[in-house]
There are 2 protein chains.
Amino acid sequence: MTITQLKYALAIAEHKNFTKAAEKCFVTQPTLSTQIQKLEDELDIVIFDRGKKPIELTDVGRKIVYQARNIVNEADRIQDIVDQQKGFIGGEFRLGIIPTIMPTLLPMFLKTFIKKYPKVKLKIEELTTEEILARLSDGHLDAAIAATPLESDNIKERVLYFEPFVAYIPDNHRLNDKKTIEVSDLSIDDMLLLEDGHCFRDGVINLCKSFKDQTDENFQLESGSIETLIKLSNEGMGMTLLPYLHTLDTIEKLGPNLRHFKEPSPAREVSIIYHKSELKMQIIDAIHNVISGIIRGAIAFQNVEIISPKAK
Amino acid sequence: MTITQLKYALAIAEHKNFTKAAEKCFVTQPTLSTQIQKLEDELDIVIFDRGKKPIELTDVGRKIVYQARNIVNEADRIQDIVDQQKGFIGGEFRLGIIPTIMPTLLPMFLKTFIKKYPKVKLKIEELTTEEILARLSDGHLDAAIAATPLESDNIKERVLYFEPFVAYIPDNHRLNDKKTIEVSDLSIDDMLLLEDGHCFRDGVINLCKSFKDQTDENFQLESGSIETLIKLSNEGMGMTLLPYLHTLDTIEKLGPNLRHFKEPSPAREVSIIYHKSELKMQIIDAIHNVISGIIRGAIAFQNVEIISPKAK
DNA sequence: AACTATGATAAATAACACTTATTTGAGTCG
DNA sequence: CGACTCAAATAAGTGTTATTTATCATAGTT
């Protein structure tokens, strides 16, 4: 049994196809066939059921593949240890970011990061929290930036910053006259929300619920992006809440309609999250440091109250 | 990097000597030399400092070897999964047992076990709790039988049985007239104890302490075995406590001097303990089942109070 | 029935782990 | 200081093994 064989098995389990898996492993298909056969012979069990299309795992096969994942992960940490020793920060790094953080944080962060750590090949994907959790678990992501706390097993969180909510009140809205608003002013009835699946939506629902416990599902229109949320709001569909960073570069356009909360302002906790195996930890540290440095300048608020992203 | 190379590195780290390590790996010394060199070249670091005699690990080397241990352990679990699938119970199994359990439990257990699981090559060692914990951690033991709870990280416990203490009261002792005795009768002052390092000693100290809180270190004579403990007691050196199972096969000799406790009788918890990685779990299950079956017949007590083996 | 997709097999080759034999180097003793 | 000893490194040869290209077998599709 070799680590290579285990990697092959993982690739096949993932793609359910020898040929595609072979490409991903940069070898030919017969190589996979023979190596998997050797592995199966050595263990004297069948891992893959080639009878079905697409290929399926046998019951033992599933357990073997699960354990193979552990072994390969642990083996990868050897390189990790070496990198750490050499102070080397580099290699491919796959970072997931949730949609409501992506557009505002990324421009601020990316330039500084690639300048400071030119050897890191960042691959950034916009994903929902749910997708992120799945991909962190199966090793397709190295880390992600999301609203926390998530309290998921296997996944560790490291807080980056707290981002206050800012209210966007369209003209003619009942709250438009107020200079600062309070959480108690909010009502789920005239609140525009993002589509289901966005954790920013859940955070906002939590916020309202904490003062009005009506779980009626007759919400207002829902949108997929914060941009359209603002447009809908301007159409008189209701008020909405925006993450603070989003208001920074749109202040001249949105300014007249923005209302900050009276402190302690409600806020979401934004963290970098990663698998508990702490693979590529030095790059995670690097990202954490860069973002912390940037945010220190951008968010001055001190007195905030954290809203959980999980709708209970 | 191959699993074989990692195993070689582990062997060298353990023996601090290439030649001896090579023997243990059933290869020649040059094989180790070249394979370790290849590993070091591939990672571009030095793992072993050959300058010193005996060989030492470098700082990175220590981390690498630690991680190698994890990888090899995880890799061994593949065979474990396969064995479990096939219902195969066999292979080498190293079991540690503490001295105060060894002589009584082993004769009862061994015969039944090797009859039921003839393919398991049991290697049993008598070790103190401290030695057991160290060897479970570094993988030199597969499991052990000891008094619990230990509350050690990395180690899991599975209770086998509760073994009551039985008092041995020599003739002319102040308690000799009593038919049953109580915990409150005990005094650390006329109590014979095992040597330091035996957890049975700690358990007994705990028992006395819980009613007399004098931590005076002027204990009576201490002995290394329960046999001499009884002899010393007969010499008038004081009373002592015995584990219940020990009294079973010596009942005709010791009978007149034995006094059972009034229920709830103080008792020690005896468990099979093993590394949290749960290697060779099916053999651990087998041992657990065999011992449970035996003990059900031997210990009838129900109403017991558990005494911790850790002197606080 | 021809086509397509996909995995298995065969033969050749390049890489590799391992062995025996020998060399190098460091510490030790007369 | 040179001879001796122990342990690791190196060299050369050999059998093994991972991998490749080319080909075949099979099942599902059009």
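Below, all heavy atoms of this structure are taken into account, side chains as well, without hydrogens, waters or symmetry copies. Proteins come first, then strands; the chains are lettered A, B, ... in the order of their sequence lines, and each starts at number 1.
Rounding to whole angstrom units, CD of residue B/Glu42 and P of C/dC16 are separated by 10 Å. The distance from atom CG of A/Asp41 to atom P of D/dA18 is 12 Å, rounded to the nearest whole Å. Atom CD1 of B/Ile47 and atom P of D/dA8 are 15 Å apart (whole Å). Rounding to whole angstrom units, CD of residue A/Glu56 and P of C/dG7 are separated by 13 Å. Protein atom CD of B/Gln5 is 11 Å distant from nucleotide atom P of C/dC16, rounded to whole Å. Across the protein-nucleic acid pair, B/Leu6 atom CG and C/dA17 atom C1' stand 15 Å apart, rounded to whole Å. Atom CD1 of B/Ile3 and atom C1' of C/dA17 are 16 Å apart (whole Å). Atom CG in A/Asp49 sits about 12 Å away from atom P in C/dG7, given to the nearest Å.
Put simply, A/Gln37 has a side-chain N or O that comes within less than 4.0 Å of OP1 or OP2 on C/dT9. The shortest distance between the side-chain N/O atoms of B/Ser33 and the OP1/OP2 oxygens of D/dA9 is below 4.0 Å. The side chain of A/Lys38 places no N or O atom within less than 4.0 Å of a non-bridging phosphate oxygen (OP1 or OP2) of D/dT17. Phosphate proximity of C/dA17 to B/Thr4: absent, as no side-chain N or O sits under 4.0 Å from OP1 or OP2. Contact annotation: B/Thr28 side-chain N/O to C/dC18 OP1/OP2 distance is not under 4.0 Å. Contact annotation: A/Thr31 side-chain N/O to D/dA18 OP1/OP2 distance is not under 4.0 Å.
Residue-environment remark: NZ (B/Lys123) stays at or below the threshold of 12 foreign heavy atoms within 6.0 Å.
Distance check, rounded to the nearest 0.5 Å: CZ of A/Phe18 to CD of A/Glu23 gives 14.5 Å.
Between the B/Arg77 side chain and the B/Ser277 main chain, a donor and an acceptor come within less than 3.5 Å of each other.
Minimum atom distance to the side chain of B/Arg50 is reached by D/dA8, of the listed D/dA8, D/dT10, D/dA18. Checked against D/dA18, C/dC18, C/dA21, the side chain of B/Gln35 finds its nearest nucleotide in C/dC18. Listed nucleotides: D/dT20, D/dA11, C/dG7. Nearest to the side chain of A/Pro30: D/dT20.
The pair B/Lys86-A/Asp44 counts as a salt bridge, with a side-chain nitrogen and a carboxylate oxygen less than 4.0 angstrom apart. With respect to the salt-bridge test (charged N to carboxylate O, under 4.0 angstrom), the residues B/Lys280 and B/Asp76 do not qualify. Ion pairing between B/Asp59 and B/Arg62 holds under the 4.0 Å rule for side-chain N and carboxylate O. A salt bridge is absent between B/Arg94 and B/Glu125: the closest approach of a Lys/Arg side-chain nitrogen to an acidic carboxylate oxygen does not fall below 4.0 angstrom. With respect to the salt-bridge test (charged N to carboxylate O, under 4.0 angstrom), the residues A/Glu40 and A/Arg50 qualify.
Between A/Thr34 and B/Tyr8, the residue whose closest nucleotide on DNA chain C is further toward the 5' end is A/Thr34.
For B/Gln29 and D/dA7, a side-chain-to-base donor-acceptor distance below 3.5 Å is absent, hydrogens and geometry of angles not being considered.
Near DNA chain D, meaning a heavy atom under 4.0 Å away, the residues from residues 12-20 of chain B are B/Asn17, B/Phe18, B/Thr19.
At a threshold of 4.0 angstrom between heavy atoms, the contacts of B/Leu32 with the nucleic acid are absent.
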